[in-house]
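Keep in mind the model is a prediction, meaning the values are calculated, not measured. Numbered from 1 within each chain, the chains take letters A, B, ... in sequence-line order.
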Number of protein chains: 2
Amino acid sequence: MNTTTLTENTASPALSTVAAAASFSPLYQQIKSLVLQSLQAGEWKPGDPIPSEFELAARYKVSQGTVRKAIDELAKEHLLVRRQGKGTFVATHAEQQVQFRFLKLKPDNPQSDAQGPAERHIIDCKRLRAPTPVAQVLGLRAGEAVFQVRRVLSFDQVPTIFEDIWLPGAAFKGLTAERLSADTRPMYAMFESDFGIRMVRAQERLRAVLPSPEVCEWLRVASDTPLLKVERMAFTYHDTPMEWRIGVYLTDTRHYLNELN
Amino acid sequence: MNTTTLTENTASPALSTVAAAASFSPLYQQIKSLVLQSLQAGEWKPGDPIPSEFELAARYKVSQGTVRKAIDELAKEHLLVRRQGKGTFVATHAEQQVQFRFLKLKPDNPQSDAQGPAERHIIDCKRLRAPTPVAQVLGLRAGEAVFQVRRVLSFDQVPTIFEDIWLPGAAFKGLTAERLSADTRPMYAMFESDFGIRMVRAQERLRAVLPSPEVCEWLRVASDTPLLKVERMAFTYHDTPMEWRIGVYLTDTRHYLNELN
DNA sequence: CAGTGGTCTAGACCACACT
DNA sequence: GTGTGGTCTAGACCACTGC
């Protein structure tokens, strides 16, 4: 029933085809998904400005207010960033402000270190055929190529995080330990610039565990030290899974901070 | 400079005094804070409908669209709930939908239990003089009265969560173990109806720990079982701290789920 | 049917940034 | 100054609810 409404909307004849093909929702939702398509297609790259609200309104044959509402939602989802007087930009993990947006481990004493993982050590980066569980969570066929990256993050010389990262091989063709080690930016910033992949959303499952012998060595802890296990699924546009990451965190001088709203 | 603008805004003369006293922000922010005041003052109680957008627009002498934007934000913060065709209501923890909004521990196998803590066992509820750390986080003077509630939550007969809850004595006058045990609703729902206190926002800090001897007994686990320690600060309106809760979770068949946006 | 929230428009003006 | 996003208004119509 929404379809008829939208198709008959004389103010937006250009959208009739879209309405039939894509969505049966409010106009601003259709605009939102059109913008989303442009983002995914790479029409505007991370850091770039997108057209002004009036330009988009003209392009889609709707009023500026409708475009505004669509952009508002995309901005709240951190896909776009508005800057008054300048324009609206495609969000990026490279900005100083939102770097490590997904890293929730904070020092108990905020003044101890001035943010940012001090040191990152890549252990290895292997190209493998996906084990079944990895293939499943990443939405691949068993045996397809994947990359496995393992690394240790240290704060103030103290190894604190051990991570085991799985990435689809097709999307990350050419990834090597050398490239990962050489890059000083956050990993997700490199994924954007080098592979055109932007992580948009993630989901983490937390547990308390005891370390495996291997983890004991990398984090230099006893085998009875309780660790926080953080299992992360990260998604690009349209909820496509793009990373599976299993981390273990040392939480004796740091904690995982979560805001509940 | 915003003040002048607002004071001179001929469409909203009724707000000039407010603008001078309260905020130097957009009109809809002022409306938002006025509504917030009414909520805090208990003018509308949890579950009640608030006046319609047009009524509020008339009361505050602004346009309906401005009221709408204010309510939109309050709805996104879960302080209000909109229901098309019916009205806008004061949110409550009693609604089936959003019960246990702050409990992020989910079963690994979603179908195992059908949501909702199966059993709750109140260990004790004591009225004490606040220990210094408790007084500090709750914003009280050291030695002021506080309640300490301890309890165990079990899922499928398995004790899974041990909690130590601290509440300001003044606000919760008359709280007893009996009342807590008798009530079948979520604790926060009882706080609303019996004490007029609504928890609006919370913050949790997570760590992996080993259990104390006491916790070992209550959760019936070995002393080398790693547990997830969850330290929660809960706030009412205007970010007033109203609860400090230290919980330890057994995470062998459950996990703490967190969405990152 | 009347009343509520939800969407959309059109136009005005403000605040900010660059040039 | 010009162009951008940010706020505010007024009025129209749609969608849902309950009498």
Side-chain angles (χ1 to χ4, degrees), chain A residues 1-16 19 23-33 35 44 48-58 60-76 80-91, chain B residues 1-16 19 23-33 35 44 48-58 60-76 80-91:
Chain A
M1 55 298 236
N2 246 334
T3 315
T4 32
T5 303
L6 289 163
T7 313
E8 287 166 2
N9 187 336
T10 56
S12 60
L15 286 173
S16 48
S23 75
F24 313 101
S25 3
L27 243 191
Y28 73 86
Q29 288 285 2
Q30 297 183 38
I31 306 302
K32 187 179 164 185
S33 82
V35 172
W44 312 306
D48 285 356
I50 69 169
S52 77
E53 295 180 353
F54 278 107
E55 283 181 75
L56 290 175
Y60 298 130
K61 301 280 206 304
V62 298
S63 82
Q64 183 237 13
T66 301
V67 169
R68 176 153 254 278
K69 184 146 190 184
I71 292 183
D72 272 346
E73 297 209 348
L74 292 168
K76 265 181 200 117
L80 297 175
V81 176
R82 320 190 77 139
R83 292 199 203 123
Q84 184 171 124
K86 301 215 269 189
T88 301
F89 300 77
V90 181
Chain B
M1 52 301 241
N2 246 334
T3 316
T4 32
T5 303
L6 289 163
T7 314
E8 287 166 3
N9 187 338
T10 56
S12 60
L15 285 174
S16 47
S23 74
F24 313 102
S25 3
L27 243 190
Y28 74 86
Q29 289 286 1
Q30 297 184 38
I31 306 302
K32 186 179 164 184
S33 82
V35 172
W44 313 305
D48 286 356
I50 70 170
S52 77
E53 295 181 353
F54 278 107
E55 282 181 76
L56 290 174
Y60 298 132
K61 303 279 205 304
V62 299
S63 82
Q64 183 237 13
T66 301
V67 169
R68 176 153 256 277
K69 184 146 188 182
I71 293 184
D72 272 347
E73 295 208 349
L74 291 168
K76 266 184 200 113
L80 297 175
V81 176
R82 319 191 77 137
R83 292 199 204 123
Q84 184 172 123
K86 300 215 270 190
T88 302
F89 300 77
V90 182

The side chain of [X] lies closest to which of these nucleotides: [options]?
X: Glu55(A); options: dT4(D), dT9(D), dT9(C); value: dT4(D)
X: Glu53(B); options: dT4(D), dT7(D), dG6(C); value: dG6(C)
X: Pro26(B); options: dT7(C), dT7(D), dG5(C); value: dT7(D)
X: Leu27(A); options: dC8(C), dC16(D), dA15(C); value: dC8(C)
X: Arg68(A); options: dG6(D), dC8(C), dC18(C); value: dG6(D)

Task: CZ-CZ distance between Arg68(A) and Arg82(A), expressed to the nearest 0.5 angstrom - done: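 These two atoms lie 4.0 Å from each other.
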
TODO: State the CD-CG distance between Glu73(A) and Leu80(A), to the nearest 0.5 angstrom.
DONE: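 So the gap between those two atoms works out to 11.5 Å.
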
Give a yes/no answer on whether the side chain of [X] brings an N or O atom under 4.0 Å of OP1 or OP2 in [N].
X: Ser63(A); N: dC8(C); answer: no
X: Lys86(B); N: dG5(C); answer: no
X: Thr88(B); N: dG5(C); answer: yes
X: Thr66(A); N: dT9(C); answer: yes
X: Arg82(A); N: dG6(D); answer: yes

What is the distance from [atom1] of [X] to [atom2] of [N], rounded to the nearest Å?
X: Lys69(B); N: dC8(C); atom1: NZ; atom2: P; result: 16 Å
X: Gln30(B); N: dC8(D); atom1: CD; atom2: P; result: 8 Å
X: Gln64(A); N: dG6(D); atom1: CD; atom2: C1'; result: 9 Å
X: Lys61(B); N: dC8(D); atom1: NZ; atom2: C1'; result: 17 Å
X: Gln84(B); N: dT4(C); atom1: CD; atom2: C1'; result: 8 Å
X: Ile50(B); N: dT4(C); atom1: CD1; atom2: C1'; result: 12 Å
X: Leu56(B); N: dG3(C); atom1: CG; atom2: C1'; result: 15 Å
X: Phe54(B); N: dG11(D); atom1: CZ; atom2: C1'; result: 9 Å

Task: Residue list, side chain to side chain donor-acceptor pair (under 3.5 Å) with Gln84(B), at least two apart or on another chain - done: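 Not a single residue meets the side chain to side chain donor-acceptor pair (under 3.5 Å) criterion with Gln84(B).
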
Task: Which residues share a side chain to side chain contact (heavy atoms under 4.5 Å, CB included) with Pro51(A), sequence neighbours left out - done: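 With neighbours one apart ignored, the set is Trp44(A), Glu55(A), Leu56(A), Arg59(A).
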
